[in-house]
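See structure below.
Every chain is numbered from 1, with letters handed out A, B, ... down the list of sequences.
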Amino acid sequence: MEYNFKAIEERWQQYWRDQKTYRVAVDNTRPKFYVLDMFPYPSGAGLHVGHPLGYIASDIYSRYKRLKGFNVLHPMGYDAFGLPAEQYAIQTGQHPAVTTEKNIARYREQLDKIGFSFDWEREVRTSDPSYYKWTQWAFLQMFDHWYDQQQQCARPIEELKAHLAAQGTAGLQAAETQELHLTAEQWAAMNEQEQERVLQNYRLAFRADTMVNWCPKLGTVLANDEVRDGLSVRGGHPVEQRRMKQWLLRVSAYAQRMLDGLERLEWSDSLKEIQRNWIGRSEGAQVFFEVVGATEKLEIFTTRPDTIYGVTFMVIAPEHERLEELTTEAQRAEVEAYVAATKKRSERERMTETKRVSGVFTGSYAINPFSGRQIPIYASDYVLSGYGTGAIMAVPAHDSRDWAFARHFGLEIIPVVEGGDVEQASYDAKEGRMINSGILTGLDVKDAIRLMFKEVEARKLGKRLVNYRLRDAIFSRQRYWGEPFPIYYKNDTAYPLSADQLPLELPPIANFGPTEQGEPPLARAEKWCTEAGEPFELSTMPGFAGSSAYYLRYMDPHNEEALVDRDVNSYWRQVDLYVGGIEHATGHLMYSRFWNMFLFDLGYVCEQEPFRKLVNQGMIQGRSNFVYRVVGTNKFVSLGLKDQYETQEIHVDVNIVKNDILDTEAFKRWMPDFANAEFILEDGKYICGWAIEKMSKSMFNVVNPDYIVENYGADTLRMYEMFLGPLEQSKPWDTNGIDGVHKFLKRLWRLFYDRDGKLLLTDEAPTEQELRTLHKTIKKVSEDIENFSFNTSVAAFMICLNELGDCSKRAILEPLTILLAPFAPHICEELWATLGHEESICNAAYPTFDEKHLTLSSFEYPVSINGKLRFKHAYDLSMDPAAIQADVVTLPEAQKWIEGKTPKKVIVVKGKIINIVI
RNA sequence: GCGGAUAUGGUGUAAUUGGUAGCCACGACAGACUUAGGAUCUGUUGCCGAGAGGCGUGGGGGUUCGAGUCCCUUUAUCCGCACCA
């Protein structure tokens, strides 16, 4: 009987469904383990062979943990809101809910075929009202809280109101949009709307007029992580800066905690580094500069207060709110022209032309508080409005950008740190002795910085300050297919719905594009207002809203009273292992941490961090194949001969190429154009060229998992994806080579059954050699799984079979079957049944290795390190210990190696000296 | 510009973490069985060399009895951030 993977896989998938094998529940008698995959956005294209890579790895780990006795939570769901479904809707009029539903069905079908151990009863969909109720709920909680910097904790807005009523802003240390100074009397004198405007300055979910990334093509604003190189990540459309009133989340309030929290996470160093950069903490000072003829001082942020004597001018961003006030009549025309020109330049242009110096003099002067000199104030787009205060003190001698600006406008350059030649370039290094710097002269830079921090505070010119690059997240999108805001308006003031009014369901509309007035699509909805007629918010929430707490919902997906029950949450606690792509480093993985910390502050969850350990699987790229058409003919020339002709390279479907050899008949059938193609072969074959490219339809290099499952089975697919290389490494998919893994499973099968289907199992006692092989494999495989080194564990299985030869002994095969079950669950279930077990192999116990069988052949070998003798323990199972002993000989020549000293022993293996013991 | 990662046969990779470089596979070559092979099995396969032998982990240097592994330097590729004051 041959290994009939198709029948086996169908049978066991059905069995798992029927028996609810993968259903989990809270069980206080067993330790828990939570393994999570980043849930997919169900796109219309379905899964390609790269998508399941992480799912397979996490499934292996889940199954392994379960066999080890853990109660494993391993859920799956769909990130179902999103732009592609909406754009498809705009083009075709099909409701996004319909296409999403269809795509999910397709995804589920593909996932099921691969044999995952998901508990599907816990499935969540972010677009489901019973799910997004809790997204809206969390938003309302953020709306109702502010961040107390002193207690490092979110607190109810009522407590803030009480504080304002009692003492105004005095003594308030809150995360805020801008610094406010109010007395209790001023607060009391405000009407409701005025008070609300003040509160918006503190709420963790708030509305503000800010510069946003506006994408005209998509008709929506985008968050910073959704924009790359001035283009939208989705679609690659140009993005421009615009001032708009938007909802934001005060993510920046948690910057320091998110930075500190990284220390406690088992994430890769590179990922932590990306988040550190994104948070971008920098220590410096806030300094106020007096402006000639103005009452209000100009506030700047600097990390180099030591260079203040070298400040020869100031620069503010073109968007700076005081630009107009600082512009003198004489300069007005020029400044306005500059601002207009800046606005016209897209974000992309601004970024690609960073070397181009531009700017304009405002006509105003400030006074350097230390040197007392008058210095001109410029506006330039090299100063960003969003960072710090949008204004800088320029030190051309020690900042390359200021230097370039000063050179361009002929401004003075005063060196204040020894070390460089300011005629040639700025000297940016933070080391050297201070010169030309009044009280600082003669000090080392580091001491000067320290002294200046004190001086600035002593002279009441400003204070020490930590700045973060991390911006608040823009939370509204002018789109239809997202969560509606549980917000309505009265006199342009936002009011929250109460929790019992949730979910606020997305209303049906027929046309999904923006209105002619440029309003979001929800403006088309009928009766999109409260019963009293107050209009609801027209924007919807962004994609990251729904994915920010889904891991919590999986713990308790059917709870209608709470996002997650407290007791349930204190059992599952947090995700122990999270597997997903690194592309979410600055998006989802930041927002989730923020969201979770916020819920932690409110006492809804018991862990600060959502994901304890995180593994980033690499991207699977495509491996494209090419044929070479002789120009002007329908003749195709094989790779090795193509240089003899003038050829044109054409992508060919990788599914009709095997081991780079083209199936010429299939090629003729592939496209009408090629029906009567002729071939110039080499050695009777047509060899294709190849290249590594992104996996995409247009390159004809998409390999579908269904195709692999159909032809080789899910178990082969699972093992081959792992065998391809280290999990975290990006690598191209190459179906060549899958035969090796498939052959392995067939060989395993043949240890149980012969060709005629006769059972080969025996109860014979295993030999010592066989036991050694078994226990070595147990040790290797379990260590490898713990280290996510799945490629080497697959290799270990192959070595194991090679060594076992045709051993059909139950005592060897039974533990081996359990060992392999996480990788190839279907065939192992079948073999497990063959071994006479009635229960699923998922309920078996993972075998442990016995040192006894390993120590037998292990030996200690001496190593001398820095002249000291140490012994290392080694398991070299390929060697007979007796033979090793025999190889220990003394060689006179070895004395030469150690310069005269007499060696005690020289260890020689296969005639080579591998060690000399002194 | 700053930061991070990687570099090993024709290909994917492995190496007890400083101890026989190339495990395990793919591919290729040869053979067996076969009407047939995109089935199965056996053998060979880093490079040069008929052989003995020599050379070999991107390049150069260093530490060490011993380096793919550690240090310095350099090159290439990939990724992240990027007027962040």
Check this for me: does any side-chain nitrogen of one of Glu2(A) and Arg750(A) sit under 4.0 Å from a carboxylate oxygen of the other? no
Taking the basic N atoms (NZ, or NE/NH1/NH2) and the acidic carboxylate oxygens, is any pair closer than 4.0 Å for Lys779(A) and Glu783(A)? yes
Side chain of [X], heavy atoms from C-beta onward: which of [options] has the nearest atom to it?
{"X": "Asp663(A)", "options": "G38(B), C83(B), U40(B)", "answer": "G38(B)"}
{"X": "Ile274(A)", "options": "G80(B), C81(B), C41(B)", "answer": "G80(B)"}
{"X": "Ala795(A)", "options": "C24(B), A85(B), C81(B)", "answer": "C24(B)"}

Let me know the distance between CD1 of Ile799(A) and P of A25(B), rounded to the nearest Å. 7 Å
Counting the atoms with a prime plus P, OP1 and OP2 as sugar-phosphate, which does [X] contact under 4.0 Å by heavy atoms, base, sugar-phosphate, or nothing?
{"X": "Asp402(A)", "value": "nothing"}
{"X": "Pro726(A)", "value": "sugar-phosphate"}
{"X": "Phe723(A)", "value": "base"}

Quick one: is [X] getting a side-chain N or O under 4.0 Å of the [N] phosphate, OP1 or OP2?
{"X": "Arg747(A)", "N": "U40(B)", "answer": "no"}
{"X": "Tyr382(A)", "N": "A85(B)", "answer": "no"}
{"X": "Arg623(A)", "N": "U11(B)", "answer": "no"}
{"X": "Asn711(A)", "N": "G38(B)", "answer": "no"}
{"X": "Ser400(A)", "N": "G1(B)", "answer": "no"}
{"X": "Asn791(A)", "N": "A14(B)", "answer": "yes"}
{"X": "Lys743(A)", "N": "C26(B)", "answer": "yes"}

Asp269(A), CG: over 12 other non-hydrogen atoms inside 6.0 angstrom: no
Please check if the number of heavy atoms outside Met798(A) that lie under 6.0 Å from its CE is greater than 12. yes
Upstream residue (5' side of RNA chain B) when Leu724(A) and Asp739(A) are each assigned their closest nucleotide: Leu724(A)
Counter-base of A39(B), judged by Watson-Crick or G-U geometry with both distances under 3.5 Å: none
Pairing partner of U63(B) (Watson-Crick or G-U wobble, both distances under 3.5 Å): none
Is it the case that Arg469(A) places NZ or CZ above or below the six-membered ring of Trp278(A), under 6.0 angstrom from the centre and within 45 degrees of the axis? yes
